[in-house]
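Shown next, in structure tokens, is the structure this report addresses.
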2 protein chains.
Amino acid sequence: MNKKEKKPEFEKYEYSSAAVDLVIFSIINGELNVLLTKMKYKPFEGKLALPGGRIRVHESVDECAKREIKEKVGVKDIYIEQLYSFGDVKRDPSVRIISVSYLALVDSIDNIKLETTEKYEKIYWTPINKVSKLAYDHNKILKYALFRLKSKLIYTNIVCNLLPKKFSLSEMQKVHEIILGRKLDKRNFRKKVLTLDLIKEAGREVGVPHRPSKLYSFKTKKLMIIEMF
Amino acid sequence: MNKKEKKPEFEKYEYSSAAVDLVIFSIINGELNVLLTKMKYKPFEGKLALPGGRIRVHESVDECAKREIKEKVGVKDIYIEQLYSFGDVKRDPSVRIISVSYLALVDSIDNIKLETTEKYEKIYWTPINKVSKLAYDHNKILKYALFRLKSKLIYTNIVCNLLPKKFSLSEMQKVHEIILGRKLDKRNFRKKVLTLDLIKEAGREVGVPHRPSKLYSFKTKKLMIIEMF
DNA sequence: ATACTATGTGTATAGACAACACTAAGTAAT
DNA sequence: ATTACTTAGTGTTGTCTATACACATAGTAT
């Protein structure tokens, strides 16, 4: 089965290639953070960018995204979701490359050691509202990722990927407030969350200098479509 | 500025290429139809598939989708929206290629003449529920497109792209019912649509053997996020 | 014992959604 | 002109959901 013979138009034009870019979020010190890299090479030498890399011929797009995450943050089994493909001709000034972007969520940065690679000089967490001009079209990608995260926070249980195994309702509410950027009513929040029947009790907080909160855990971390806030 | 010099990892692996696949819907004779092509070449010779083609190096992904639509149905300025990128390694058995899928909507097939191209033997509209096994992973793509269309029907004004310039509320309701696959209550439908303030009156129907309906048109065809049904 | 701090709880109001059946306005046939 | 036929067009009620809002509780620290 010869390609040229079967699909004669294939050699008429020059075609484009694809890469994956990752928007990895985590809540750190009460702020939403995104993982950024400092680039080593031109045309964006010294600039900040989302981590990413080209899709190899033997791996699926999803596998590529997972491999990149493994390489950068050393963990697997974190939440990951494809966002959108950005394909402007000049988005990378040096080569024609289409970016398939992914959203990933990390619940805690405790077990994570950031790895630089040959391509990147440094890699670090940056609070969302301190992100300035990024390389390529990465501001656009980040903006879209944030939009998606906000949306899904409202109509799914995606927040479970940003919380530790056991958490209080106050913690959960705080994550919502950080991402949505607005205060929520405590009583209404609790009422809603409890009627959704997604979480179960998991003991009590200890050693805090105030009334200890009940702890909860998610019954499942599988993504569910549910009206939230 | 030499690529090899700046991005040394580029030549270590073999990389993948990208194409666009189109899910073009239209309502024909009270049914939702999708545009399918019969393929000329192996490995899917004679099989039905979604129309599509590889992304050229000088065009953006969106431009590629628009070009493909222009080539196949001869119209531009129709609704088009990127869906998802499908990137399994073996989705095309003959080459490694990532598919960026698009949803497109055609309001009327009157001004459309379908064009075959070198790659396709035939191209025709097929009612959604008569679609059987397609080439590649195109059943998956079609299923996702249908899901997206149903979702957006509920929370946006996307239906305006499936209706003629002037339409009655009954016609509009029928389009909703066809796509959602269930009956809607006439009074509730009208109440909701009219309170949304998206449409304006545009005369009356003439020459029908029953009470003529009021006609309406959309104030704007720009996509708006709005709770519908 | 008192101060401090975050937890935890109920009610009332307004708006949205769902269920439901009959009259109105035109054409066609007699 | 009357009648039959066909689709258009119209309101009300009950239920559920979202929102707004304030005070008592259970711990630790002094």
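If you're wondering where the values come from, they're calculated on a predicted model, not measured in any experiment. Convention: sequence-line order gives letters A, B, ...; per-chain numbering from 1. Scope of the values below: all heavy atoms of this structure, side chains included, with no hydrogens, waters or symmetry mates.
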- Message: Could you check whether Glu63(B) pairs with Arg67(B) (Lys NZ or Arg NE/NH1/NH2 to Asp/Glu carboxylate O, under 4.0 Å)?
- Response: no
- Item | Residue closer to the 5' end of DNA chain C, Asp185(A) versus Ser168(A) (nearest nucleotide) | Ser168(A)
- Got a sec? Which of residues 188-204 of chain A come in under 4.0 Å of DNA chain D, heavy atoms? Asn188(A), Lys191(A), Lys192(A)
- Message: Pick the closest DNA chain D nucleotide for Gly207(A) and for Lys214(B) by heavy atoms, then say which residue is nearer the 5' end.
- Response: Lys214(B)
- Message: Looking at dT7(C), I'd like to know if its phosphate oxygens (OP1 or OP2) sit under 4.0 Å from a side-chain N or O belonging to Ser170(A).
- Response: yes
- Item | Under 3.5 Å: donor-acceptor pair, side chain of Arg148(A), backbone of Leu83(A) | yes
- Counting only distance, no hydrogens or angles, is the base of dG9(D) paired donor-acceptor with the side chain of Lys186(B) under 3.5 Å? yes
- If you measure from the Lys or Arg side-chain nitrogens to the Asp or Glu carboxylate oxygens, is any gap between Lys152(B) and Glu81(B) under 4.0 Å? yes
- Item | Cationic N near anionic O, under 4.0 Å, Asp137(B) to Lys143(B) | no
- Overall bend - the helix from dA1(C)-dT30(D) to dT30(C)-dA1(D), comparing terminal axes fitted on five pairs, nearest 10 degrees: 0°
Atom pairs, protein N/O to nucleotides 28-30 of chain C N/O, distance under 3.5 Å:
none

- Message: Between Asp185(A) and Asn188(A) (side chain of the first, backbone of the second, donor and acceptor by atom type, cut-off under 3.5 Å), is there such a pair?
- Response: yes
- Would you please classify the geometry between the His176(A) ring and the Phe189(A) ring as parallel, tilted or perpendicular, with 30° and 60° separating the classes? perpendicular
- Message: Would you call the rings of Tyr216(B) and Phe167(B) parallel, tilted or perpendicular, taking 30° and 60° as the class edges?
- Response: tilted
- With a cut-off of 6.0 Å (strictly less than), are more than 12 heavy atoms of other residues, nucleotides or ligands near NZ of Lys221(A)? yes
- Between CG of Leu184(A) and P of dG8(C) the distance, given in whole Å, is 17 Å
- Query: Taking everything shown except Asn29(B) itself, do over 12 heavy atoms lie less than 6.0 Å from its CG?
  - Reply: no
- Query: Has the side chain of Arg211(B) got a donor or acceptor atom sitting under 3.5 Å from an opposite partner on the base of dT7(D)?
  - Reply: no
- Round to the nearest Å and state the distance from Glu205(B) atom CD to dT7(D) atom P. 11 Å
- Specify the separation, in whole Å, of atom CE of Met172(A) and atom P of dT7(C). 15 Å
- Query: In this structure, are over 12 heavy atoms from other groups packed under 6.0 Å from Lys192(B) atom NZ?
  - Reply: yes
- Query: What is the distance from NE2 of His210(B) to P of dT23(C), rounded to the nearest Å?
  - Reply: 21 Å
- Item | Rounded interatomic separation in angstrom, taking NZ from Lys174(A) and C1' from dT7(C) | 14 Å
- Task: For the side chain of Arg187(B), starting at C-beta, report the closest nucleotide among dT7(C), dG9(D), dC20(C).
- Result: dC20(C)
- Message: Less than 4.0 angstrom from a charged side-chain N to a carboxylate O is my criterion; do Lys214(A) and Glu201(A) meet it?
- Response: yes
